[in-house]
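Proteins come first, then strands; the chains are lettered A, B, ... in the order of their sequence lines, and each starts at number 1. We use all heavy atoms of the structure for the numbers below, so side chains are in, but hydrogens, waters and symmetry mates are not. Model, not experiment: these values are computed from the prediction.
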2 protein chains.
Amino acid sequence: MATLTAAQRRQRDRQAYDAFLAACPARKVLDRISDKWVTLVLAALGDGPKRYSDLSRIIAGASQKMLTQTLRSLERDGLVGRTVTTAVPVRVDYELTELGHSLHAVVRQLKDWAESHIEEIEQARAAYDA
Amino acid sequence: MATLTAAQRRQRDRQAYDAFLAACPARKVLDRISDKWVTLVLAALGDGPKRYSDLSRIIAGASQKMLTQTLRSLERDGLVGRTVTTAVPVRVDYELTELGHSLHAVVRQLKDWAESHIEEIEQARAAYDA
DNA sequence: CTGAATCCCTAGCGATACTG
DNA sequence: CAGTATCGCTAGGGATTCAG
């Protein structure tokens with residue numbers, strides 16, 4: 001094997017690293033929840049099914065594009081269910097699946113951690129900035 | 001109050017939404033963990049202190065810039081501690097603080113969830129794509 | 001060894017307009 | 001009502017270079 005330049009080595013490491021990530025389950029979930037819209041939709045659906053328009057209203061900051069995109073990916077992953085009621089104005093309902101609920105439970109723990117430690121973080125920031 | 005155009009209404013909603021987010025502890029933690037490098041560093045430090053060069057090797061895919069940037073933000077938030085040993089080549093050690101460990105514990109739950117449900121997600125994806 | 005500063009490019013997202 | 005399609009911007013992050 002020939003000697004590699006630093007750049008080539010970095011490139012190779014990055015390949016190996018990416019491969020490792022692809023095989024790592026934790027990474028896959030991270031991909032899911034690291035999307036802020038995913039978490040927000042999950043939270044919004046946490047207390048029951050919602051219509052598309054409901055979600056759009058609750059998560060006011062999400063563009064149509066992001067909302068639809070997020071719902072599609074969650075549906076694909078089996079985290080939310082989608083029900084279309086063919087009527088004169090079409091009606092679409094979304095709800096967490098069993099799998100979705102179980103993830104929601106974990107995310108809620110994260111939320112709980114946040115609520116109980118956010119003050120410490122802010123203190124640390126203030127101290128650091130000073 | 002004058003009548004608003006649709007664009008103006010969206011803008012206003014977005015403002016209100018952002019304000020709500022800023023006050024929401026869950027959003028702040030989401031900001032932290034939604035950064036993939038944060039989670040990886042957290043994981044890497046989960047089993048003991050590491051030198052800068054160790055982290056750089058373990059998280060091979062991270063550029064110097066991202067690694068340093070991530071470590072700084074974690075330090076600022078009081079999640080990791082930084083120890084500089086003034087020597088001829090400078091040596092810097094990083095370790096999780098108590099606060100960092102408690103967040104790590106929660107993130108680990110997420111990881112556990114992933115490992116036990118990733119198969120279902122993949123099945124759902126396969127089914128959806130078909 | 002550890003880190004700061006710069007350049008630069010792509011992917012993600014918002015805004016808008018159109019369809020069933 | 002519930003999307004889809006397209007355009008354009010900007011912010012994240014990689015590569016490179018300089019410094020303590």
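- Between A:Gln64 atom CD and D:dC1 atom P there is a gap of 11 Å when expressed in whole angstrom units.
- Look at CG on A:Leu71: it is 15 Å from C1' on D:dT4, rounded to the nearest Å.
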Could you go step by step and tell me if B:Tyr52 and B:Thr68 meet the side chain to side chain donor-acceptor pair (under 3.5 Å) rule?
CA-CA 9 Å; B:Tyr52 180 87; B:Thr68 300; 3.1 Å; yes
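- In this entry the distance linking CG of A:Asp35 with P of D:dG12 reads 15 Å, nearest Å.
- Taking side-chain N and O atoms only, A:Arg51 has a distance below 4.0 Å to OP1 or OP2 of D:dA2.
- B:Trp37 places its CH2 atom 8 Å from the P atom of D:dG13, with the value rounded to the nearest Å.
- The listed nucleotides are C:dG14, C:dG20, D:dG3; the one nearest the side chain of A:Ser63 is C:dG14.
- Among D:dG20, C:dG3, C:dG20, the nucleotide with an atom closest to any side-chain atom of B:Val90 is D:dG20.
- Considering only the side chain of B:Met66, D:dG13 comes nearest among D:dA2, D:dT4, D:dG13.
- Between A:Ser53 and D:dA2 there is a side-chain polar atom (N or O) within less than 4.0 angstrom of OP1 or OP2.
- Surrounding CZ of A:Arg72 are more than 12 heavy atoms belonging to other residues, nucleotides or ligands, all under 6.0 Å away.
- At a threshold of 4.0 Å, the pair B:Asp77-B:Arg32 counts as salt-bridged, since one of the basic side-chain nitrogens sits closer than that to a carboxylate oxygen.
- In this structure, B:Lys65 atom NZ and C:dC7 atom P are separated by 12 Å, rounded to whole Å.
- Summarising the geometry, the separation between CG on B:Asp93 and C1' on C:dC1 is reported as 12 Å, rounded to the nearest angstrom.
- Note on A:Arg82: every side-chain N or O is 4.0 Å or more away from OP1 and OP2 of D:dA2.
- Salt-bridge formation is detected for the pair B:Glu122/A:Lys28: a Lys NZ or Arg NE/NH1/NH2 atom is positioned less than 4.0 Å from an Asp or Glu carboxylate oxygen.
- Distance, A:Ile59 CD1 to C:dG14 C1': 16 Å, rounded to whole Å.
- Ionic pairing of A:Arg76 and B:Asp129 is present here: one or more N-O contacts between side-chain nitrogen and carboxylate oxygen are shorter than 4.0 angstrom.
- The CD-C1' distance, from B:Gln69 to D:dG14, rounds to 11 Å in whole Å.
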